[in-house]
Amino acid sequence: MFNKVLIANRGEIAVRIIRTCRDMGLQTVALYEQADLGSLHVRLSDESVPLTTEAGFTDHAAILQIARELGADAIHPGYGFLAEEPSFIRECAEAGIAFVGPPAEVVATLHDKIGAQERAREAGFTVPRHSGRAYGPEELDELRAEAERIGYPLVVKSVSGGRGSGTRLVRSADQLEPMVRQAETAAAAVFGSPAVYLEQAILPSHYVEVQLLADSHGTIVHLGERDGSIQRNNQKLLEESPAPYLSQTQRENIWRLAIELARLFGCQGACSVEFVVDRDGQPYFTEIKARIQVEHPVSEMVSQIDIVREQLRIAAGEPLGYKQSDIQLRGWAMQCRINAEDPWNRFLPSPGRLRLFRAPGGPGVRVDTYAYSSCDIPARYDPVFAKLAVWGENRFECIMRTRRALEDFAISGIQTNLPLHQRVISAADFLRGDYTTEFSRRPLLDALAVEEDRRNLAVAAAIAYAARNAVARAATPERVLTGWHRGARKLPE
Amino acid sequence: MFNKVLIANRGEIAVRIIRTCRDMGLQTVALYEQADLGSLHVRLSDESVPLTTEAGFTDHAAILQIARELGADAIHPGYGFLAEEPSFIRECAEAGIAFVGPPAEVVATLHDKIGAQERAREAGFTVPRHSGRAYGPEELDELRAEAERIGYPLVVKSVSGGRGSGTRLVRSADQLEPMVRQAETAAAAVFGSPAVYLEQAILPSHYVEVQLLADSHGTIVHLGERDGSIQRNNQKLLEESPAPYLSQTQRENIWRLAIELARLFGCQGACSVEFVVDRDGQPYFTEIKARIQVEHPVSEMVSQIDIVREQLRIAAGEPLGYKQSDIQLRGWAMQCRINAEDPWNRFLPSPGRLRLFRAPGGPGVRVDTYAYSSCDIPARYDPVFAKLAVWGENRFECIMRTRRALEDFAISGIQTNLPLHQRVISAADFLRGDYTTEFSRRPLLDALAVEEDRRNLAVAAAIAYAARNAVARAATPERVLTGWHRGARKLPE
Amino acid sequence: MSKINVTIDGQSYEVEVDLNQRDGAELTVTVNGEPLKVTIPDPDHPENMEWILIGHRPYEITVDRNLRWIRSFTGMHTLDVRDREATVSRPISGDGRVKAPIPGTVTRVLVEEGQQVEAGQPLVLVEAMKMENEIRATRAGSVSAVHVKAGQDVKLGVMMIEIG
Amino acid sequence: MSKINVTIDGQSYEVEVDLNQRDGAELTVTVNGEPLKVTIPDPDHPENMEWILIGHRPYEITVDRNLRWIRSFTGMHTLDVRDREATVSRPISGDGRVKAPIPGTVTRVLVEEGQQVEAGQPLVLVEAMKMENEIRATRAGSVSAVHVKAGQDVKLGVMMIEIG
């Protein structure tokens, strides 16, 4: 096993990785940009080093330099940043530092999404129809022709993408141009390249991904599947495991497909094989994420396996040491991503200083976050600042407990999407468990309050108004308010 | 099932019970005395009602009155206060309100600790030698004669006691009188009655208790055993499940004994059967706690069963609906009681206002507390204000994770026993798992810091000093320091 | 004694409050003429009033500085608070000045000077927190000034577009 | 520039600090003559200095108001801080006045006026937080006054016993 792990990431995932390293007795090195000096990962690590170049977490040379200087023998990339960067993986190998993830060639193969789908199709897997290559902003005519071949509805996706940015649904031909332009702009802004490709949109559908662990000795096991259909702006919002709408036969079929696909691509470490499942239960393979996922805690909760620990063990060359039949999937888990954004103002980002931050607790509740009372949520990074993961014996108990935990989360100083989550878990199709990706396309912000709560909150507002007035009056010199002042003990004349 | 549950308790256990009620969709009524207005249970309940009489949580009539007025159909007593009060249980029955706990007669029988041990002995169970009755302060001669019969070492215990107050170990005859006087004083102060009895002390030994669930239809299951040998001042400090020193045969034997004893006494609900286990592995039955225990989370973690939910289901007359073979005990769990007390000042209580309160998180970590940043820890109640429960796949992982979680707990404003816990889980015999009740009797507060940490903390102290000095200077008008003031733009003459 | 008219999510209540008539943390107010007991844990620090008991029911709340909304476990509710005994001037919303509601980088400007826009029409795209965010027209009118261009970093509150 | 002598758990260090020579959050101090880089997240609010980076190593700390101790994940450490360029008067400890270190109820008074006591000898039992706590003699001497009796409630800091 390693001695010292450098975590080339920030935020809740850096905190998450540091925790497991310490549980395993490994030393840790955290990195931070100035905006993050107050984040928790900086304090919880054994050593913390500032990144001072403009490139920050994408500065290969600076990060490798720090790893060498501090004697780190492994680098965990988390998700995003350097997690799927073949050149960085090669540079780690050259520096003699273990990269916690698959080999560079595997990552390169998977990163070419069109190529990966083609290879899967040739091996006999079902994939969505898609464009044969990527298109630049100047190739709109060619793109239009390709769109006609694939047929509508379709999805415009960024080739460099991931995490939903630069993805747009196009329902009919007249929407193609504006949606392509939007996708290009977003992709250029977030990933630095405007190139996009097209993929058949399967509507309605479910997003299902299977969590796998693959060691370097040929053993691959799954930890069940997760649903990720509930999104906003192509960003997953709430994930659950297992997927509630799959039959046991469908479920086992998807597990088997996922393991075969991982074997086809030579995956190593923790990876997720993603499918779109149509109304008839037919899974279409879309891509493999060869890294830890934001939503990994739900799989940890149903399997009771620490996925980060397994990543580190696999990267150190250890065999998993257990078989599929040793893994018991038990109960139900859900995760809500808590974002710094304003649901009453079109979900605009809401960075700033937290005044109050009190996470829910008790049985079956887990919170992963870099935040605490009075810390800053920097505008520089993505808006996920906390994740609430909840376990229950069955789906009903899990939903009830998630509802309770959402109500108990106390955050002030910024706006968050907590109210949106409260609506989601109260929606009828969510409760029935037969929701699809169409779930996200409807408004969800009608009030939940009953009449009595509304009256009570009106009273609270009136008292807040009166109390503030009283304080404002106290701050104003008495004589201004009354004509009196301390020195004047008689009535003014 | 009930509609509305009144929780006749405060602090972390009130929070704990409210959470499960809400997970089950039950309405809750919380009670509070003025000192507790800022505690979390008051905010997390559907309704919160002040207790205004001097008797507070022991005022039967006031509590039943509130239950009736608000339409509560069940009362959960938590631990302490009314949890083992036969007259209150009868009053609940008369008022047509379900008491979440066993029938009054069972509680009365168990409350007579001498009688209960006698009955167990007659039924063939091994019990410690003990005095035949309780003694008042004026009966020292009789007590001394009884002590000679039992033999030293022995334990003086309060008849009204529980939770360790009024318990004193007496190693030899010359210590008997001072220890009895101490026990009487403590018992009188905490329980209102000075009466004590004597019990053979088994040294060295382990304290082992088996967690049971017994429904009203005759089904009794166990959720494994807990060790509670690590104490300070006869208060449990750290509990773990399973007990690390038991062989599988010893373990299964204790489970069987516990279930037989529960059957003998007609237990119902959640209860714990307590044993002292001597060096040869022989268990001596001591008592049954017919209520939820402070340390129940460790059993919840290894069994994944919500004990409070099962209490409510049993009280509502539901059958458990599962058998012993349906319960899987998995992994290892530990709980640290976090107390407001000063380990560097003989563990004197340290109530006060919390400045900072940040609980650890991540996989396998659970915190139960009524506290949050900037709340008060009242002096009126016992010093346990938070419980850290940790789960791991095995004992080693559980210890490593507990160590990490203890380090991550950030509390300021008061002193806590966190440093003591850090020493306990680093002690050699704790790590080996062969500790006994003798563990508690030695000093544990030698420093853990290495040379480099000490140097670094010296630097931190120097900076704190310099920064405070700078602020103090800034608060002094500039002209006092320099001869300058804002109005004087030229050099003073 | 203050007489306050509170409209919450479109529904109005008349509330009478006298903070000087407190008994410890307890206070009786009237709502639409009916008395209601309230417990205020820390009434001397209203800017920190994190929670309140109305009758027996606890609410953890955040009240907007300008009393435009109140947030609780029930979600966020719009407010309109009027003091019946004082002339309260409310800030006027919806003027034509579109300021950056978030700090970030302008990725695209969607309108030109002189262009007619509808209320709610996207004007500028700003990238912040790794998301692309549409900044929209606060009212209908003609664009009288464009102060930003693509690629430019903007701070919170910076004037971006003016609608005449 | 301050030259500060810090004794921690009995071990002494000479630290030179100049808070005016900061580069953002960073600062170089010298310890026993050797330079060491330090990062202070919020040096303008030293009463809130919740954590600090010494070299690359982070410490969450609480520093006693009177600089008698510092607490971190390593536990609590005794401090003695002396400014080599200022005369610092430290409060004198161990005088004969025994005050209530906690609020609670006196359950028993163990000494009488005129009685000789040793330093550390239990004087009074106080029940607080459901525990019985021994309050001990701060020094040896003769009890010159007993101000409390059994059953009495005491507030924090109330004079209980005086040792002459």
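In this text the structure is predicted, and so the values were computed from the model without any measurement.
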Examine whether an atom of B/R366 lies under 4.5 Å from a heavy atom of chain A, and if so say whether it belongs to the side chain, the backbone or both; otherwise answer neither. side chain
Is it true that, when you exclude A/F396 itself, more than 12 heavy atoms of the residues, nucleotides or ligands shown sit nearer than 6.0 Å to its CZ? no
Heavy-atom proximity to chain B below 4.5 Å, by part of A/Q328: both
Does any backbone or side-chain atom of B/R330 lie under 4.5 Å from a heavy atom of chain A? Answer side chain, backbone, both or neither. side chain
Check whether A/R404 gets within reach of chain B through its side chain, its backbone, both or neither, counting any heavy atom under 4.5 Å. both
All heavy atoms of A/M400 vs all of B/D23, minimum pair found to be CB-O, 3.0 Å
Is A/R309 in contact with chain B via its backbone, its side chain, both, or neither, using a 4.5 Å heavy-atom distance? side chain
Kindly determine whether A/E393 and B/I305 satisfy side-chain contact (heavy atoms from CB on, under 4.5 Å), including the steps that lead there. CA-CA 8 Å; A/E393 282 189 19; B/I305 288 177; 4.3 Å; yes
Taking the side chain as every heavy atom from C-beta outward, state whether A/R22 and B/D408 have any atom pair closer than 4.5 Å. yes
Most chain A-contacting option - heavy-atom pairs closer than 4.5 Å, from B/P360, B/G361, B/A389, B/S374: B/G361
Chain A contact via B/P363 - which portion, at a heavy-atom distance below 4.5 Å: both
Apply side-chain contact (heavy atoms from CB on, under 4.5 Å) to B/L40 and A/R358, showing your working. CA-CA 11 Å; B/L40 211 47; A/R358 194 193 67 228; 3.4 Å; yes
Tell me which of these, A/Q304, A/R401, A/E300, has more heavy-atom pairs under 4.5 Å with chain B than the rest. A/Q304
Which answer fits A/R16, side chain, backbone, both or neither, if we ask what part of it has an atom under 4.5 Å from a heavy atom of chain B? side chain
Pair count under 4.5 Å, heavy atoms only, with chain A: among B/R43, B/E397, B/R19, B/E407, highest is B/R19
